[in-house]
Every structure is written in structure tokens, then in C-alpha cells.
Amino acid sequence: MPTVLFSGGEVRDLHDVVAAEFAPHTLRVREAPDAGGGGRFVRHWRGEMSVYELGYGAEVDVVPGELADFYSLQIPLAGSGEVTVDGRSLSTPFSIAGPGQRLAMSWDRACVNLVLLIARRAVDRAVAVRRGEPGPEAVRFDPALDGDRAAVADWLDLARGYARAAGGALFARSPLARQHHEQLLLHGLLDVQQHNLGGAPALVAAPAAVRRAVTFCAEHAHEPISVADLAHAARVSLPSLRRGFRTHLDTTPLAHLRRVRLDGAHHDLLAAAGAGSTTVTEVALRWGFGHMGRFSQEYRKAYGRLPSEVLESGCPESAAGGDGIG
């Protein structure tokens, strides 16, 4: 559940709470809150991708200075303000700044921002997966996120969806679902926002690399892994692995991972059939399926029956689900 870290009270007290949660920074109050007003600071999730909601309830200048080991994204929910990165005043309210960049913000008293903090190590891992090797330096994004571009607007919607889900029951019950959403955000950001590290040419992964990915998937599908982890285990870039799966297995790494998990869920449903010891929802979440409707559709397509029917009475035989590579 979301945690309210601060509500009401003095702006200076809010500054101290924000500094303790984020990093030391300078705050200047241009105009104090109205009587009875005050700021609000809520933590929705804290991890490698943390989500907060922050409003000062006053006109303020916030100067974090040079960021060290994380990326800061500001997505306004209400009010208005101005963001400056490395001395450049941005023409859009949506912004991102990262390691080595200098950030300054000015907000009006009505401003409330959705704040995403992404650890540099998470972005570095995503880059290594895409390139097949670590990047030569930290990713430096163009700080202005143009919400008028369709792809960026879709990414911003995805970020808002992550914030809504972050403090809820789904992510608490299904770490797989949370990690998939985080990987979608990371790789989506690298695709839609210009940055200093270009992509590496994608080669077709050799059969041996694809076999390594298939073996890793079989052994770890019950864990919160992603296709990025498959590429890491195969010791190739993600684009190369995708081409290898298409060439050698006529599928994609994601489709293969989902099928292995679907087979795992099927096995668990059969094992629990008629016992009343679990539910379809519990089994689906255990295997990373966060949308029950889509899970039921995929399951029925694969096995010819609804998961609820199998859990109630079992079924005489399971569908084959293996991919093979010589």
C-alpha cells in the first residue's frame, strides 16, 4: 500500500523528509502555502524503480544539483512549473535527468508531480542486454520528454500505469508482474527517447546460445526473470537472441517464456485438482500472469479447457508444450 511520508505542516520539514528519501538538495521557498495548505509526499514503491507523488503546496525552487547514481523523471499530475537540465530550460513539463547531469526545478503551489527514480544499475543492465556488452558510459537521455510524440505519450501512460499498480495488491502478490512492467518501461524508454549510446548491430544467435536460453528458462521460469535474463544467460544481446529464436525455434523469447510458465501453471492446477488447496488466481500469479482474463484465454487455447474446470476436476491429459532445437 502507498506510504504517506509527509502531509501538511511546514515546507522546510517536507524538504527534510524529501532529502532523507531522495538525496540532499537545496530548497528555496518563493511563496509560502496558503493558510491550511501544505505539501504531501507519498511513496508508492521503493526499489530499483521507485515511484513517488510529491507536491510542496508552495511556490518553490528545488535544486538537487548533479545527480549521482539514479535517473529522475518528473511527470506532472497537477499545476505547472519549469525544469532546467544542464542550464537548458525545457519546453515540456515531462523531463528526465540522470548521472552527471545538473537538475533544477521551479514549481507553483498547485503542482503535484509523479516522480520516478530509476537506479543507474537497472539502466546499465538493460543497455548491456541490448548491446551484448556493457555500455562505455552512463546513458544520458535528452532531458525533454515530448508528450506530443505518440510513442512518448504511450510510454508516459505506461509509467502512470506502473505508478497506479506499484502500491497495490497485484505487485505485492506477483513479483513477476512487477518486474515485467519495469523491463517494459526500461526498454521502452531506451527505444523512444534519444540518448548518447547507439544500438549495436543484431546478429543471429547461434543454436548453442539459444539452447542456453531454453535451459535457463526451464530452470528459472518460476522466478521473476525476464527475456533480458534469458539473453544474459545465453551470453548474447537481446536482439540477437530474438533473431536466434525466430531462426531456430520459429518463436520469440517472450512467447517461449510465457509458454513454459503456462505449462508450469497447468502442472500446478493438475496437481491441486479437486483438493481445494489453492485458487486459479494464486496459481496464475505464482507464474507471473497478472491479468486473469488473458490467462484464462491463453490457457484454454493451449489445453482446451478453462483453468477453473481443470482445478475442479483435473483433465485426462496435458498438452505438449516443448520447443526443440537440434
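For the single chain, residues carry numbers from 1 onward in sequence order.
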- Message: Are there over 12 heavy-atom neighbours, none belonging to Glu21, within less than 6.0 Å of that residue's CD?
- Response: yes
- Task: Answer yes or no: are there more than 12 heavy-atom neighbours, outside His180 itself, under 6.0 Å from its atom NE2?
- Result: yes
- Task: Supply the atom-to-atom distance Ser226 OG to His181 NE2, rounded to the nearest 0.5 angstrom.
- Result: 14.0 Å
- Message: With rounding to the nearest 0.5 angstrom, report the CE to OG1 distance, Met292 to Thr281.
- Response: 5.0 Å
Ring geometry between [Y] and [X] (parallel below 30°, tilted from 30 to 60°, perpendicular above 60°):
X: Tyr299; Y: His266; answer: tilted
X: Trp45; Y: Phe171; answer: perpendicular
X: His25; Y: His15; answer: perpendicular

- Message: Are Trp155 and Phe94 packed together at the side-chain level, in the sense that at least one heavy-atom pair is separated by less than 4.5 angstrom?
- Response: no
- Are any non-hydrogen side-chain atoms of Ile75 and Leu145 less than 4.5 angstrom apart? no
- Task: Show your reasoning for whether side chain to side chain contact (heavy atoms under 4.5 Å, CB included) applies to Thr252 and Arg246.
- Result: CA-CA 6 Å; Thr252 67; Arg246 281 293 188 194; 3.4 Å; yes
- Task: Give a yes or no on whether Ile96 and Leu186 share a hydrophobic cluster (residues Ile, Leu, Val, Met, Phe, Trp, Tyr; joining criterion: side-chain heavy atoms under 4.5 Å apart).
- Result: yes
- Task: Dump the intermediate steps for side chain to side chain contact (heavy atoms under 4.5 Å, CB included) on Phe70 and Leu116, then the final yes or no.
- Result: CA-CA 10 Å; Phe70 64 91; Leu116 268 67; over 6 Å; no
- Item | Contact summary for Glu48 and Ala122, nearest pair of heavy atoms | OE1-CB, 3.7 Å
- Query: Does any donor atom in the side chain of Asp146 or Thr92 lie under 3.5 Å from an acceptor atom in the other side chain?
  - Reply: no
- Should Arg88 and Asp86 be marked as a side chain to side chain contact (heavy atoms under 4.5 Å, CB included) after you check the CA-CA gap, both sets of side-chain angles, and the distance that decides it? CA-CA 6 Å; Arg88 169 189 168 191; Asp86 291 337; 5.7 Å; no
Under 4.0 Å between a Lys/Arg side-chain N and an Asp/Glu carboxylate O for [X] and [Y]?
X: Arg121; Y: Asp124; result: no
X: Glu182; Y: Arg178; result: yes
X: Arg259; Y: Asp263; result: yes
X: Arg300; Y: Glu309; result: no

- Steps toward side chain to side chain contact (heavy atoms under 4.5 Å, CB included) verdict (Gln74, Val115): CA-CA 5 Å; Gln74 307 290 326; Val115 182; 3.6 Å; yes
